[in-house]
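Keep in mind it's a predicted model, so treat the numbers as computed, not measured. Counting from 1, the numbers follow the sequence of the chain as shown.
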Amino acid sequence: MLAAGAVAGAGTAVADENNQQPGGATATLDGLKVYSSAVIRGEGGNKKISAGLFEMKVDGGGVLKTYCIDIKNPTQDKARYQEVSWAESSLHSNGDAGKILWILKNSYPQVDDFAALAKAVETKTGQKVQLDAKTAAAGTQVAIWRFSDKVNVEAVDKNAEALADYLQESAQNLDEPKASLTLDPPAVSGKAGEKLGPITVHTNAQSATVVPSAEAEAGGVKIVDKDGNVVTSAKEGDQVFFDVPKGAADGSASLTLEANTEVSVGRAFTGIGVNAKSQTQILAGSSGSSVTATATANWATKGAIPAVTAEKNCAKGGVDVTATNQGDEPFSFSLAGKEYEIPAGGSETVTVPVQEDQEYNITITGPNGFKETFTGVLDCETQTTTTGGSGGGEEESPKPSTEPSPATVGGDTGTTGDTDGNLAETGSSSTTPIIAGVALALVVLGGAAVFFLRKKKPATAGSND
């Protein structure tokens with residue numbers, strides 16, 4: 001994820017992962033809502049799984065509908081997600097990413113006229129089909145998996161399978177959709193008495209509200225446009241600046257942009273927080289949703305004045321840490337065991353290698369106690385080997401009663417459902433949901449609730465759906 005630094009040359013600060021957001025929507029997984037069955041065929045055997053449409057609840061209000069683009073990676077219960085670009089997800093090197101977007105725009109739920117969708121299938125393939133929400137969701141998901149994960153997967157229902165074939169054959173590459181809200185760059189620096197920036201707004205909303213931090217207001221720092229006029233709102237392409245009073249004490253401040261918009265279909269969502277390794281999703285539909293983005297500024301009267309950001313670089317398998325120096329002296333810093341120096345007015349980007357699916361903790365340090373830390377999980381690849389029963393022939397573990405239980409092919413006939421609260425993803429960890437639940441209870445309910453939850457231990461979750 002993109003992370004904005006907020007540190008002046010003299011002083012110490014540590015970036016909290018909760019503040020390392022590139023902007024856009026953040027949401028909590030609310031389960032698989034509309035689905036049917038599919039079969040992954042592989043050398044190890046065949047595996048029946050659930051295929052369909054998820055829902056997420058947006059922080060601040062709103063609902064997102066998503067499909068999976070990471071079939072063999074586990075999905076965690078109530079996982080937290082962040083909107084990201086394709087470059088920061090498993091789509092970064094996928095030449096068929098644009099075809100997935102075509103499928104999303106030309107199938108359910110964007111097209112919810114099932115008769116019209118069935119007619120399109122018949123016109124293209126000559127097959128007469130009957131579709132409803134469950135078969136349309138399953139067929140759409142199957143077609144997406146064929147491009148996102150390159151797997152041999154088929155829908156169990158013949159109508160859903162016909163839809164999947166139609167979508168796969170018809171798909172065309174489309175351009176990546178715009179972000180709901182981001183700021184570029186998310187961190188700036190400079191001398192007191194100057195306008196620090198520019199920070200360019202990128203959004204699909206008609207307008208976003210500009211909110212200075214309490215530190216900015218207390219220090220007399222204003223958020224202005226290029227002409228020095230105070231701004232309270234901004235739109236796509238606008239540039240904003242921190243106007244720091246002359247003589248202001250060395251310090252830092254931030255601004256936040258807030259908007260309500262429909263997140264663009266095709267935006268990727270990756271996990272954040274304790275369940276960061278939850279499978280990657282792609283947006284199929286959005287209600288009006290709350291989106292935010294934050295930028296920071298550091299200023300001083302003299303010396304090095306750094307600003308530091310970090311962004312996942314999936315193409316290089318690491319995290320790009322960028323340090324800029326708008327002071328009048330060089331900025332020396334240590335990063336990943338090496339020493340660097342940036343001249344006054346200079347900038348340097350260092351790619352720190354990070355292992356896939358592993359938590360990283362990257363710290364940059366400099367003189368006068370300067371310290372900035374970036375944490376997260378690099379989630380750039382789909383799983384290359386079958387894990388947890390999602391795609392091989394291994395025996396599946398029992399599932400909790402709140403989850404549909406996919407069966408090995410040759411078992412049941414593929415029960416479907418859309419009961420609220422079910423979590424029937426292509427994968428679920430056998431231990432992570434329990435660990436996450438206990439951690440949440442420690443924070444919210446305290447020791448008594450933790451004791452109760454341990455006394456009432458659920459059945460062991462299966463390793464995958």
Residues in salt bridge (Lys or Arg N to Asp or Glu O under 4.0 Å) contact with D96, at least two apart in sequence or another chain: K99, K150
Close side-chain approach of V265 to L101, heavy-atom, < 4.5 Å: yes
Donor + acceptor pair across side chains of S347, T324 (<3.5 Å): no
Member of L104, L117, T140 meeting the side chain to side chain contact (heavy atoms under 4.5 Å, CB included) criterion with V111: L117
pair L91-I282: side-chain heavy atoms closer than 4.5 Å: yes
Test item: side-chain donor near acceptor, T349 and D320, under 3.5 Å: no
Sidechain-backbone polar pair: Q141 side chain, A164 backbone, donor-acceptor under 3.5 Å: no
Verdict with reasoning, F114 to Y108, per ring-ring contact (aromatic ring centres under 6.0 Å, His included): CA-CA 8 Å; F114 300 119; Y108 182 73; 5.5 Å; yes
Side chain E88, main chain E311, donor-acceptor under 3.5 Å: no
Check against side chain to side chain donor-acceptor pair (under 3.5 Å), T270 and D379: CA-CA 7 Å; T270 57; D379 186 9; 6.0 Å; no
Under 3.5 Å: donor-acceptor pair, side chain of S107, backbone of I103: no
Least distance between heavy atoms, S36 atom then A138 atom: CB-CB, 3.7 Å
Q110, CD: over 12 other non-hydrogen atoms inside 6.0 angstrom: yes
Under 3.5 Å donor-acceptor, N313 side chain and T351 backbone: no
Pair F269-V84, side chain to side chain contact (heavy atoms under 4.5 Å, CB included): steps then yes or no: CA-CA 6 Å; F269 280 78; V84 298; over 6 Å; no
Within residues 154-166 or reaching into it, pairs that qualify as side-chain hydrogen bond (donor to acceptor under 3.5 Å, both in side chains) - sequence neighbours excluded: R41-E154, R146-E161, R146-D165, D157-N159
Nearest heavy atoms of V201 and A234, plus distance in Å: CG2-CB, 4.0 Å
Taking every non-hydrogen atom, the tightest pair across P177 and W86: CD-CZ2, 3.7 Å
Short side-chain donor-acceptor distance under 3.5 Å, S254 and T296: no
Working for side chain to side chain contact (heavy atoms under 4.5 Å, CB included), residues T294 and L183: CA-CA 7 Å; T294 300; L183 298 175; 5.7 Å; no
Expected output: side-chain N173 to main-chain G95 donor-acceptor under 3.5 Å: yes
Verdict with reasoning, Y360 to V319, per side chain to side chain contact (heavy atoms under 4.5 Å, CB included): CA-CA 9 Å; Y360 59 81; V319 176; 3.7 Å; yes
Check: N229 side chain, D225 main-chain N or O, donor-acceptor pair, under 3.5 Å: no
I40 CD1 to N152 CG distance, which is reported to the nearest 0.5 Å: 9.5 Å
Shortest non-hydrogen contact from D149 toward K72: OD2-N, 4.4 Å
Any donor-acceptor N/O pair, E356 side chain to C380 backbone, under 3.5 Å: yes
Separation between CD of E236 and CG of L181, rounded to the nearest 0.5 Å: 10.0 Å
Side chain proximity check, I364 to F374, heavy atoms < 4.5 angstrom: yes
Donor-acceptor contact below 3.5 Å, side chain T123 vs main chain K119: yes
Between CD1 on residue I100 and CZ on residue F147, distance to nearest 0.5 Å: 8.0 Å
Residue of the set E83, E262, H202, R267 for which side-chain hydrogen bond (donor to acceptor under 3.5 Å, both in side chains) holds with S180: E83
Any donor-acceptor N or O pair under 3.5 Å, side chains S252, N298: no
L64 vs E55, side chain to side chain contact (heavy atoms under 4.5 Å, CB included): CA-CA, chis, key distance, verdict: CA-CA 6 Å; L64 307 177; E55 283 189 6; over 6 Å; no
E122 atom CD, over 12 foreign heavy atoms within 6.0 Å: yes
Whether T261 side chain and V263 backbone form a donor-acceptor pair below 3.5 Å: no
Straight-line distance of L32 CG to L53 CG, nearest 0.5 Å: 7.5 Å
Main-chain N/O of L167 paired with S170 side-chain donor or acceptor, under 3.5 Å: no
Side-chain donor-acceptor pair present, E258, T209, cut-off under 3.5 Å: no
Smallest separation among heavy atoms of S287 and G62, with atom names: OG-CA, 3.4 Å
Side chain to side chain, T373 and T363, heavy atoms closer than 4.5 Å: yes
Any F241 side-chain heavy atom under 4.5 Å of L196 side chain: no
Q281-Q279 side chain donor-acceptor pair, cut-off 3.5 Å: yes
Any side-chain heavy-atom pair of V39 and K47 under 4.5 Å: no
Side chains of I362 and L335 in contact at under 4.5 Å (non-hydrogen atoms): yes
Donor on one side chain, acceptor on other, S278 and Y81, under 3.5 Å: yes
Distance, nearest 0.5 Å, that separates CG of L174 from NZ of K105: 6.0 Å
L283 and K65, any side-chain heavy atoms less than 4.5 Å apart: no
Minimum heavy-atom distance A323-V308, with the two atoms named: CB-CG2, 4.3 Å
Distance in Å, L257 CG paired with S233 OG, rounded so as to fall on 0.5 Å steps: 9.0 Å
